[in-house]
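Notes to accompany the following structure.
Heavy atoms only: backbone and side chains are in, while hydrogens, waters and symmetry mates are out.
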Amino acid sequence: MSLDTNDLEFEYHTTNSEQFTKDFMNHVKTDIPLFALQDELLYLMNKRNSTSFRIPAYKSIDNRNHIFYFEIRPIKENPRLKVYQYKGIDLLH
């Protein structure tokens with residue numbers, strides 16, 4: 001099954017996107033690389049009309065819940081496109 005993410009993407013080649021990759025790698029316990037999870041994360045955020053996703057404690061390196069926050073950046077040339085710009089991470093107990 002493929003996920004419909006044609007009009008969804010994470011912001012690329014910016015300081016924010018590099019920080020997202022670092023934060024994900026430093027906090028999430030997974031053997032699956034981030035690029036392989038991106039479509040699923042985008043699909044779920046879009047489907048839930050959300051600009052964040054949570055990693056539960058059992059999937060994190062430090063056994064704490066983590067929430068990754070994004071903002072949707074409008075694209076004037078293509079209003080259907082949603083670009084998720086990374087804003088940061090919260091560490092929850």
Would you give me the side-chain donor-acceptor pairs under 3.5 Å for residues 22-29, sequence neighbours excluded?
{"unit_1": "Asp23", "atom_1": "OD1", "unit_2": "Gln19", "atom_2": "NE2", "d": "2.8"}
{"unit_1": "Asp23", "atom_1": "OD2", "unit_2": "Tyr86", "atom_2": "OH", "d": "2.5"}
{"unit_1": "Asn26", "atom_1": "ND2", "unit_2": "Lys22", "atom_2": "O", "d": "3.1"}

| field | Pairing residues for Tyr12 by the side-chain hydrogen bond (donor to acceptor under 3.5 Å, both in side chains) criterion, not counting sequence neighbours | value | Gln38
| query | Can you name the side-chain hydrogen bond (donor to acceptor under 3.5 Å, both in side chains) partners of Asn46, sequence neighbours left out? | reply | Lys82
| said: My understanding is that only residues two or more places apart in sequence, or in another chain, count here; which of them pass salt bridge (charged side-chain N to carboxylate O under 4.0 Å, His left out) with Asp7? | reply: Arg80
| Glu11: what forms a salt bridge (charged side-chain N to carboxylate O under 4.0 Å, His left out) with it, not counting sequence neighbours? | Arg73
[X] side, atom [atom1]; [Y] side, atom [atom2] - distance, nearest 0.5 Å:
X: Glu71; Y: Thr51; atom1: CD; atom2: OG1; value: 8.0 Å
X: Asp39; Y: Leu8; atom1: CG; atom2: CG; value: 8.5 Å
X: Met45; Y: Phe70; atom1: CE; atom2: CZ; value: 5.0 Å
X: Tyr69; Y: Ile89; atom1: OH; atom2: CD1; value: 9.5 Å
X: Gln85; Y: Thr14; atom1: CD; atom2: OG1; value: 6.5 Å
X: Ser52; Y: Phe68; atom1: OG; atom2: CZ; value: 11.0 Å

| Hydrophobic cluster partners of Ile75 (side-chain heavy atoms under 4.5 Å) |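 Ile75 clusters with Leu81, Val83.
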Group every Ile, Leu, Val, Met, Phe, Trp and Tyr by side-chain heavy-atom contacts under 4.5 Å, then state whether [X] and [Y] land in the same group.
X: Leu37; Y: Ile55; result: yes
X: Leu41; Y: Ile72; result: yes
X: Ile32; Y: Tyr58; result: no

| said: Minimum heavy-atom separation for Pro79 and Lys76, please, with both atom names. | reply: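 For Pro79 and Lys76, the tightest heavy-atom pair comes out as CD-O, 4.0 Å.
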| task | Indicate the ring-plane relationship of Phe10 and Phe20, choosing parallel, tilted or perpendicular according to the 30° and 60° boundaries. | result |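 The rings of Phe10 and Phe20 sit tilted, inter-plane angle from 30° to 60°.
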